[in-house]
J.: 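Below are the structure tokens for one structure; questions will follow.
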Amino acid sequence: MSQLKWWETAVIYQIYPRSFQDSNSDGIGDLNGITSRLDYIANLGVDAIWISPFFKSPQKDFGYDVSDYCDIAPEYGTLNDFERLLSTAHSLGLKLMIDIVAAHSSDQHPYFQESRQSKRNSKSDWYHWVDPMPDGTPPTNWLSFFGGSAWSWEPRRQQYYLHNFLPSQPNFNFSNPKVLDYFEEIARFWFDIGVDGFRLDAVHTINADKPPYKNNTPNPNFVLGPLPLDQQPFFRQLHDFAQLNQPGIQEFSARMRVVSDSYDDRFLMGEVDGDNEDAMKVSKSFTEDGRLHATYNFDLLEWNGLTVDGVKQVINKAVEIFNNTGKLCFAFSNHDVPRSLSRQLAPLNIKNEHGEALQLLLLKLESCLIGSTCIFQGEELAYEDVEDIPVEAMKDPWGIEFAPIFPGRDTCRTPMVWDANLPNGGFSDANKTWLPISKKHLKKAALEKVKNDGSTYNKFAQFLSWRKKQPAFMQANKITQLSGSERQIIFDRISDQQTLRCCFDFDSLTASFEEI
Ligand code: GLC
Ligand code: CA
């Protein structure tokens, strides 16, 4: 019944492949594992899946450090396995999106391996190489997200290279047109195979600028907070002239759009963040005509959680900036932040025992907002965050760098539990899984929840099937200004055929809908 494109209203299920299902007993999830569980996802009633990176990679940042963009990491399977996954997903009516990490590659990528050898080789200007200052120090004061300087020294070239994340994730130099050509090739490779869209990782950190670079200025609003994320040195600087959201990025957006427009009905969603309150506004510039279709937004992913008023402010901002469009994608959880259920209890002033009800309410709320939404594996089971990963067992490089004050991102990345009676909760037959299985999740085994009518999985499935029949959600992306008491969020979703008043009550933890 919808005239909108599929992605304008899509509920997208994010799969973290390492932790979804292991099919060959090595303790690591893989593509065949995902294929074997696609029914479970399709029956939930989502429209699409997005799979975090499974490309060849030394896994220093668990796949967000790619050494071959057009091949599969052996621990995840083969291209044939991927094609089987894709055709199974399509046969179940699911679109499939993959994660393209364009901002940086792995240092094991053959182009970086060549680039670092000398100042004169065929890839010498594919990354950002800058001479040291006369005293030998790095060219600027820029910091990496994951700690320390954003510059690392390469003795063979006697130069520094830029990395906004780990030193093993060198930034591509997007002022070199050959780099754009390369990403066009990669995009065509995957579109030709038949993927329906890309989630473009960290596009706001793509670097297309040329030296001489300026130092970042101190962030006057930086407060050393009690919470781990507030202590990240990266946020001590402003990034007005470097590292984030620099103008050259849009050449990348435009090129990707030309490529995707040469295929049928494909979707480009860019992960865009910024330094300040204006990040959502900035993200809109990525979705202007001829650029990306939509932006993956961080505002509901706030590490420390949001109050009811905080959520309202985010929705109001979206109404102001993106109303009447599907160019925005919200998420409450992903592989980078503590799980929404755990994060949101305290700021919303809700007791632990009501966690499941809260989770369902958040899932419904995000699926009623304009644009698409991404839910993260385990949210449909009301998974809590895992708090018990000892430093010795941590895997996330960011977490390890800042341990023990910062828990890192392993706590939301532990494997799915399918059947509590099987070894490792049915995730794997291995003696040891790459991250431990959470005892908390053993009580929330997926296959049990599927059988139980009252489970979050089934209630959300019922909700999604009802949602698909509402013109107010499926035929327009229009929302009115918000109202409601301090503990409520109320808005109308409006299409030509229907006005639906949506009320989310954080006292009773219920959502109600009324046609008006
Ligand atoms: C994105 C990913 C994150 C990764 C980072 C660097 O933010 O979501 O997991 O560490 O990019 O690629
Ligand atoms: Ca495996």
Side-chain angles (χ1 to χ4, degrees), residues 14-37 50-55 57-67 69 72-78 81 98-107 109 144-147 150 162-172 198-207 229 232 234 243-244 269-274 279 295-298 301 303 329 331 333-337 374 376 395-402 408-410 412-413 415-416 424 426-435:
Q14 181 193 352
I15 297 175
Y16 196 68
R18 217 172 175 76
S19 288
F20 200 63
Q21 174 70 64
D22 176 18
S23 72
N24 63 348
S25 314
D26 63 357
I28 298 173
D30 45 58
L31 298 181
N32 286 340
I34 296 173
T35 308
S36 72
R37 297 292 188 197
W50 144 35
I51 312 178
S52 283
F54 45 78
F55 315 101
S57 158
Q59 308 292 346
K60 294 279 167 43
D61 190 22
F62 296 102
Y64 286 93
D65 50 326
V66 179
S67 56
Y69 289 85
I72 313 278
E75 66 261 55
Y76 292 139
T78 62
D81 296 336
I98 60 172
D99 212 324
I100 298 286
V101 190
H104 46 261
S105 70
S106 156
D107 64 349
H109 192 294
S144 137
F145 272 105
F146 289 168
L162 177 67
H163 51 86
N164 281 328
F165 295 90
L166 296 173
S168 57
Q169 292 171 298
N171 267 66
F172 276 112
F198 302 147
R199 181 254 193 194
L200 297 158
D201 180 68
V203 278
H204 58 296
T205 71
I206 281 182
N207 208 302
L229 200 71
Q232 300 293 319
F234 187 82
Q243 291 188 286
L244 298 185
M269 173 169 86
E271 186 198 26
V272 185
D273 198 9
T295 167
Y296 178 88
N297 180 265
F298 279 72
L301 287 165
W303 188 288
C329 178
S333 277
N334 70 12
H335 62 294
D336 287 331
V337 294
C374 282
F376 182 49
K395 296 282 195 260
D396 173 26
W398 189 13
I400 292 169
E401 183 72 26
F402 288 89
R409 300 171 295 176
D410 293 325
C412 64
R413 294 178 176 182
M416 290 281 283
N424 300 311
F427 164 69
S428 168
D429 293 338
N431 291 333
K432 198 165 182 266
T433 55
W434 82 283
L435 273 177

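Each ligand, and each atom within it, is numbered from 1 in the order the structure gives.
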J.: So which heavy atom in the protein is nearest atom 5 (C) of ligand 1, and how far is it from that ligand atom?
T.: F165 CE2, 3.8 Å
J.: Counting only heavy atoms closer than 4.0 Å, does ligand 1 sit against the backbone of H204, its side chain, both, or neither?
T.: neither
J.: Work out whether the distance between some heavy atom of F62 and some atom of ligand 1 is less than 4.0 Å.
T.: no
J.: Hey, is F298 touching ligand 1 through its side chain, its backbone, both or neither, going by heavy atoms under 4.0 Å?
T.: neither
J.: What is the closest protein heavy atom to atom 8 (O) of ligand 1, and at what distance does it sit?
T.: D336 OD2, 2.5 Å
J.: Does some side-chain heavy atom of V101 sit less than 4.5 Å from a side-chain heavy atom of F55?
T.: no
J.: Taking N164 for its side chain and T205 for its backbone only, find out whether a donor-acceptor pair lies under 3.5 Å.
T.: yes
J.: If you stand at the Ca ion (ligand 2) and look out to OD1 of D22 and OD1 of N24, what angle do those two lines make, to 10°?
T.: 80°
J.: Verify whether one side chain among S52 and Y64 offers a donor that lies under 3.5 Å from an acceptor in the other.
T.: yes
J.: Is the distance from the Ca ion (ligand 2) to the nearest N/O/S atom of N32 under 3.0 Å?
T.: no
J.: Of the backbone and side-chain N, O or S atoms of I28, does one lie nearer to the Ca ion (ligand 2) than 3.0 Å?
T.: yes
J.: Out of all atoms in ligand 1, which are within 4.0 Å of some heavy atom of F146? Include the element for each.
T.: 10 (O)
J.: Using modelled atom types only, decide if a donor and an acceptor are shared between the side chain of D65 and the backbone of K60 within a distance under 3.5 Å.
T.: yes
J.: Considering only non-hydrogen protein atoms, determine which one is nearest to atom 10 (O) of ligand 1 and report residue, atom name and distance to 0.1 Å.
T.: D61 OD2, 2.6 Å
J.: To check your reading of the model: name the closest protein heavy atom to atom 1 (C) of ligand 1, its residue, and the distance in Å.
T.: D201 OD1, 2.7 Å
J.: Distance under 4.0 Å to a non-hydrogen atom of H104: what atoms of ligand 1 satisfy this?
T.: 6 (C), 12 (O)
J.: Which one of Y16, W434, F165 satisfies the ring pair (Phe, Tyr, Trp, His ring centres under 6.0 Å) criterion with F62?
T.: W434
J.: For a 4.5 angstrom cut-off between non-hydrogen side-chain atoms, does D61 reach W398?
T.: no
J.: For the residue pair D99 and W50, establish whether any side-chain heavy-atom pair is separated by less than 4.5 Å.
T.: yes
J.: Which of the N/O/S atoms in D26 sits closest to the Ca ion (ligand 2)?
T.: OD1
J.: Check for me whether R413 has a heavy atom closer than 4.0 Å to any atom of ligand 1.
T.: yes
J.: Is it true that a side-chain atom of D81 and a backbone atom of N32 form a donor plus acceptor pair closer than 3.5 Å?
T.: no
J.: So which bit of Y64 gets within less than 4.0 Å of ligand 1, heavy atoms only: side chain, backbone, both or neither?
T.: both
J.: Among the N/O/S atoms of D30, select the one at the shortest distance from the Ca ion (ligand 2) and name it.
T.: OD2
J.: Do D30 and F54 come within less than 4.5 Å of each other through their side chains, counting heavy atoms only?
T.: no
J.: By number and element, which atoms of ligand 1 are closer than 4.0 Å to a non-hydrogen atom of R409?
T.: 3 (C), 4 (C), 9 (O), 10 (O)
J.: Please check: side-chain N/O of D22 versus main-chain N/O of N24, any donor-acceptor pairing under 3.5 Å?
T.: yes
J.: Check the angle between the aromatic planes of F234 and F145 and answer parallel, tilted or perpendicular using the 30° and 60° thresholds.
T.: parallel
J.: Between K60 and ligand 1, which residue portion shows a heavy-atom distance shorter than 4.0 Å: side chain, backbone, both, or neither?
T.: neither
J.: Does D336 have any salt bridge (charged side-chain N to carboxylate O under 4.0 Å, His left out) partners at least two apart in sequence or in another chain, and if so, which?
T.: R409, R413
J.: Number the atoms of ligand 1 from 1 as they appear, then name those within less than 4.0 Å of a heavy atom of H335, with their elements.
T.: 2 (C), 3 (C), 8 (O), 9 (O)
